[in-house]
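Numbering starts at 1 and runs along the sequence shown.
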Amino acid sequence: MTRPADKPETRLEGIGVSPGIAWGPAEILGKTLEEPECLPIPRSRVDSEKARFSLALVATRDQILELQKEISENEGENHAAIFDAHLLLLEDSTVLNEVLRITETELKSIDWAYYTVVKRYIDSLRKISDPYLRERAVDIEDVAKRVLKNLRWTDHGEGDSAEPPHSSVVLAHNLTPSDTVSMDRSRVRGFATEVGSATSHTAIMARSLNIPAVVALHQLPEFLTPGDTVLIDGYHGVVIINPAAETITEYEGLAKKEREILHDLEDLKGSETLTADGKKITLSANIEFLEELSGVTEQDAEGVGLYRTEFFYLSDKKLRTEESQADNYRQVAEATAPHGVIIRTVDVGGDKLCPELFENPEPNPFLGWRGIRLSLDRTEEFQTQLRAILRASAFGKVRVMFPFVSTLEEIRGAKEEVERAKNELREENVGFDENLEIGAMIEIPSAVMIADHIAKEVDFFSIGTNDLVQYITAVDRVNDRIAALYQPTHPAVVSMIRETIEAAHRNGIWCGVCGEAASDLDMTPIWVGLGVDELSVGAAQVLRTRRALSRLDSNECGQLTEKLRECGTAAEVKELCHAMAQDSYPELLL
Ligand code: PEP
Ligand code: MG
């Protein structure tokens, strides 16, 4: 791959959120709609402009339907439902009539007329404080971009008829849910965004899809022009625009090494997860959708350690029925046998807004009506989910876990709800696992401080580092402006994690970690040293983590974590851990 002679190499630093190397031609997903030229047209062309508009609308509709079908087959119906709203927007008569009026009466090209009407609509939605309506602006923009592109392609056979590059690196201001789910993985080599954070939904998704990604590249638009070649280094959070020949050669070497490592890791499939001195740690995977189950099996994870069930609540209410949930959970229970699945009850709130929360926005959603708080306030829906989980427990090893626990009363209340669901199922003669294990997510500092009390009520803990870090350090996990302050190795975080694991063990229960830090290979020595019993990571990280664990000695890691008590900064903790990781598995750190 060569770089245009007149373009200098530019290196930008962001946050690497999904490891891997990729390069290719840039496909830029516009931050905003690009304004087409305002061309005057003769009256004799009005009809052909209107015909061109109809063709573009039909083409857009066909593309969305095609995309919807593909996504429904590959990703499930819940993903595909996003596009129902897009189809409706194509039929919005207020918009369509105004576009035709401008072309007919003002004699302006239909592209410009459409852009003008839609832009006005988007701008007024963006000014509204209601987040639900503001979010609709993103959908309208998505659809409008497609319509404008199709208008260009029906531009009397001229104009920009080129298909998008065959396989490219996608660059965007941010990626919407529809962008992410509709990404054609065979075509997208990697992606980079101007905003975003390591624990954002998009980043978690990129890791689970194994697409190299870098986010929070604030200078991206300044340096990028269409036609650029872009290299993404997801390991180090670096993006290089128009890489020089020697840079490409350097990265070719790195990519080759990466392929060799992946090939080498294949040997670990089927082997137990043990530290170098034979200590067993369960290594499971996180999932959000049924479609990820094949990756869990493929990568030889020991079951699912965190099944996020929010998607039932983020879209269509129809999905929330007991039947559809029971069927879904049963499939996961069966596919993960003999290890099983930990089903986390719904954790909407924070940045995951269900329709009800869109309608009644909160001033401080991350400190608001979220997780178990919401479930305990809406016991009817909670019962539906608990009954579905219990029913699935008859088909495999199922455990249930409650998110966002901040008080003992919440755990007790949730357990009472489980008992109620059990009693009703017994009366109905419906089978379930009488010994269903119950766990608490430890992701709020108050839960850490009463961990001994909570441990007496449950069978296991799972530490949610994504939230625990944000609540300990008061750093919003999705705010890229303060991303540098989001430090999983902050001594206060390490100390609270230590407290949690010790409280679990004092009370005879096991403790896992299911946040993104579980797969951070610089932190693996901490997990071993603190005596964690389970790590639940993205499926793509399972084998790397198994290899890292196999190279660590639990006694040495214990000494390391003792030394960490003396550290006052995240950087000091990181340095000590990184040194051990570097000594033990340098090839995995690339
Ligand atoms: C966490 O908080 O670490 C976690 C695993 O849950 P979520 O990312 O869904 O909040
Ligand atoms: Mg959480």
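- Salt bridge absent: Arg373 and Asp377 never bring a charged side-chain N and a carboxylate O closer than 4.0 Å.
- A donor-acceptor distance shorter than 3.5 angstrom exists from the side chain of Glu410 to the backbone of Thr407, with no hydrogens or angles considered.
- With respect to the salt-bridge test (charged N to carboxylate O, under 4.0 angstrom), the residues Glu104 and Arg101 do not qualify.
- A salt bridge does not link Arg11 to Asp233: none of the charged side-chain nitrogens sits closer than 4.0 Å to a carboxylate oxygen.
- Arg481 and Asp476 are not joined by a salt bridge, as no carboxylate oxygen comes within less than 4.0 angstrom of a charged side-chain nitrogen.
- A donor-acceptor contact under 3.5 angstrom links the side chains of Thr247 and Glu9, judged on distance only.
- The nearest pair of heavy atoms linking Asn286 to Glu516 is ND2-OE2, 4.4 Å.
- Shortest non-hydrogen contact noted between Arg370 and Asp467 is NH2-OD2, 2.8 Å.
- A ring-centre distance under 6.0 Å is not found for Phe289 and Tyr307.
- Under the 3.5 Å distance criterion, the side-chain polar atoms of Glu292 are matched with a main-chain donor or acceptor of Glu288.
- A salt bridge does not link Arg308 to Asp347: none of the charged nitrogens lies less than 4.0 Å from a carboxylate oxygen.
- Contact check on Arg330 versus Asp327 returns a salt bridge, with a Lys/Arg side-chain nitrogen under 4.0 Å from an Asp/Glu carboxylate oxygen.
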